[in-house]
Amino acid sequence: MLGATGAVGQTFIRLLQDHPWFRVAEVAASSRSAGKSYRDATRWLEGPMPADIAALPVRACTPDEVLSPIVFSALDSAAAGDVEPRFAQAGRLVLSNAKNYRMASDVPLVVPDVNADHLLQLTAQRAARRWTGGLVTNANCAATVAAMALAPLHKAFGLTKVFVTTMQAVSGAGYPGVPSLDILGNVIPFIGDEEPKIEAELPKILGALDGKGSFAHAAFGVSAQANRVPVEHGHTACLSVEFKRKPSVSDAITALSSWRGPDGVRGLPSAPATPIIVSDAPDRPQPRRDVNAGRGMAVTVGRVREDTLLHLRLVVLGHNTVVGAAGASILNAEWLASRGLLNA
Ligand code: NAP
């Protein structure tokens, strides 16, 4: 675990406790933490810290010090750019949460319940970069939540335009994150670099692997507005959408509620039974009530209705550090393991 001490790193550690296939063997973070025990280096945020992890020494983020074959990275983007390729060059499979390599043409950008099949691009990446390791990314947390709701609609009706307005939890800014005097009783209509990430990543996530190892991005436009709100966990996205073929509200609800994701995801240890839960309550989804749906790995969609300008509007909510970060990385690793693709 690289970046093991941060908000996403801690989520990884909680989710990997008692995992049937993977074991956290080593933890690493910045020079501020390296050399301390994990217990002393970490301001632990939720529930009890697992005793076996608490005793681990925090290592520096170098392939000489961290020897495990599978490397989950929750590094800050300032460090990920240099550190992650070093591990891939050293033959390790890196599953990254950072923004740095998401848009690289040979790096899969994967929301497992949307496009796990894009992980097959790893074989071409290994050949082109002449490394036996690999670099896989998962998406921006708000883009992940929006992509989960848009995937079934895109497949069935073809997206042409998407307007997305997000209300994003404070845990999305890591720890210590947004100062309490800035966010309590407030809404901040700006999250640095978030809107361009959502606009660029959605067409890549919903794109298609062309069989020759590169992606054809999906051809729809995205306009995003991102807001930080005083919610602990859970990003909400309000979507207004135009399609090639306008669906009825009931056809859209059927497409959403019958979505089962790509082949081979259902039944993996971290996969929720149902990736999209559709609520017909007039006032859902809500972070307080719905953020932990499917142990944080499902999104909840509600308020599916006709739009006055485009075709449809809807609201989707998902857990930013689980399905939007650590949980997605773990599910990607499970999918690769189930196909025998963890190693070259
Ligand atoms: P965070 O709480 O600030 O944690 C950052 C981690 O990176 C810490 O473990 C920190 O170690 C480590 N780090 C910082 N600078 C480093 C350096 N120079 N060398 C080595 N390690 C360094 O951030 P976070 O929210 O967990 O986010 C982690 C990554 O996931 C970011 O790239 C973020 O954009 C992405 N992400 C976050 C979310 C979310 O909801 N929070 C969702 C999706 C993706 P120290 O403790 O030693 O400083």
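Counting starts at 1 for both ligands and their atoms, following the listed order.
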Chemist: Provide the number and element of each atom of ligand 1 under 4.0 Å from a heavy atom of Ser77.
Modeler: 32 (O)

Chemist: State the atoms of ligand 1, each with its element, that fall below the 4.0 Å cut-off from a heavy-atom position in Ala325.
Modeler: 42 (C), 43 (C)

Chemist: Hey, do the aromatic rings of Phe220 and His154 have their centres closer than 6.0 Å?
Modeler: yes

Chemist: Check Ser171 against ligand 1 and report side chain, backbone, both or neither, counting heavy atoms closer than 4.0 Å.
Modeler: backbone

Chemist: Could you tell me the residue and atom name of the protein heavy atom closest to atom 28 (C) of ligand 1, and the distance to it rounded to 0.1 Å?
Modeler: Ala74 O, 3.1 Å

Chemist: If you measure from the Lys or Arg side-chain nitrogens to the Asp or Glu carboxylate oxygens, is any gap between Arg266 and Asp113 under 4.0 Å?
Modeler: yes

Chemist: Hey, is NZ on Lys36 packed in by over 12 heavy atoms from elsewhere, all under 6.0 Å?
Modeler: yes

Chemist: Using a plain distance cutoff, I'd like to know if His235 has any nitrogen or oxygen under 3.5 Å from a nitrogen or oxygen of ligand 1.
Modeler: no

Chemist: Quick check: does any side chain N or O of Arg32 sit under 3.5 Å from a backbone N or O of Ala41, one acting as donor and the other as acceptor?
Modeler: no

Chemist: Any nitrogen or oxygen of Gly6, side chain or backbone, less than 3.5 Å from one on ligand 1?
Modeler: yes

Chemist: Starting from atom 43 (C) of ligand 1, find the nearest protein heavy-atom neighbour and note its residue, name and distance.
Modeler: Gly324 O, 3.3 Å

Chemist: Please list, in number order, the atoms of ligand 1 under 4.0 Å from a heavy atom of Ala98.
Modeler: 32 (O)

Chemist: If the cut-off is 4.0 Å to any non-hydrogen atom of Ser33, which atoms of ligand 1 fall inside it?
Modeler: 45 (P), 46 (O), 47 (O)

Chemist: Return the residue, atom name and 0.1 Å-rounded distance of the protein heavy atom closest to atom 22 (C) of ligand 1.
Modeler: Ser30 CB, 3.6 Å

Chemist: Can you check which of Val58, Asn97, Val170 brings a heavy atom nearest to atom 33 (C) of ligand 1?
Modeler: Asn97

Chemist: Taking all atoms of both residues into account, what is the closest heavy-atom pair of Val24 and Leu56, and its distance?
Modeler: O-CD1, 4.3 Å

Chemist: Between Lys99 and Glu194, is there a salt bridge with N-O shorter than 4.0 Å?
Modeler: no

Chemist: Between Ser329 and Asn138, is there a side-chain donor-acceptor contact under 3.5 Å, judged purely by atom types and distance?
Modeler: yes

Chemist: Do the side-chain N and O atoms of Gln286 and Arg289 include a donor-acceptor pair separated by under 3.5 angstrom?
Modeler: yes

Chemist: What protein heavy atom lies closest to atom 19 (N) of ligand 1? Include the residue and the distance to one decimal.
Modeler: Ala79 CB, 3.6 Å

Chemist: Before signing off on this row, confirm whether Ala139 and ligand 1 have an N or O atom pair separated by under 3.5 Å.
Modeler: no

Chemist: In the protein, which heavy atom is nearest to atom 23 (O) of ligand 1, and how far is it?
Modeler: Gly174 CA, 3.9 Å

Chemist: Could you pull out, from Asn320, Thr5, Val8, the option with a heavy atom nearest to atom 24 (P) of ligand 1?
Modeler: Val8

Chemist: For Ile198 versus Gln168, what's the shortest heavy-atom pair and its separation?
Modeler: CD1-OE1, 4.2 Å

Chemist: For atom 3 (O) of ligand 1, find the nearest protein heavy atom and state the residue, atom name and distance (0.1 Å precision).
Modeler: Tyr175 O, 3.8 Å

Chemist: Provide, to 0.1 Å, the distance between atom 7 (O) of ligand 1 and the closest protein heavy atom, together with that atom's residue and name.
Modeler: Asp76 N, 3.3 Å

Chemist: Is a side-chain donor-acceptor pair under 3.5 Å present for Ser171 with His233?
Modeler: yes

Chemist: Of all the heavy-atom pairs spanning Ala139 and Leu109, show the shortest one and how long it is.
Modeler: CA-CD1, 3.6 Å

Chemist: Based purely on interatomic distance, does Cys141 place a nitrogen or oxygen under 3.5 Å from a nitrogen or oxygen of ligand 1?
Modeler: no

Chemist: What's the shortest distance from atom 15 (N) of ligand 1 to any protein heavy atom, and which residue and atom give it?
Modeler: Arg32 NH2, 3.6 Å

Chemist: Does CD belonging to Glu195 count more than 12 external heavy atoms closer than 6.0 Å?
Modeler: yes

Chemist: For the residue pair Cys61 and Leu75, what are the closest heavy atoms and their distance?
Modeler: SG-CD2, 3.9 Å

Chemist: What do you reckon, does Asn140 have a nitrogen or oxygen under 3.5 Å from a nitrogen or oxygen of ligand 1?
Modeler: no

Chemist: My understanding is that we take every heavy atom of each candidate and find the minimum distance to atom 29 (C) of ligand 1. Doing that for Leu2, Leu75, Thr11, Thr62, which one comes out nearest?
Modeler: Leu75

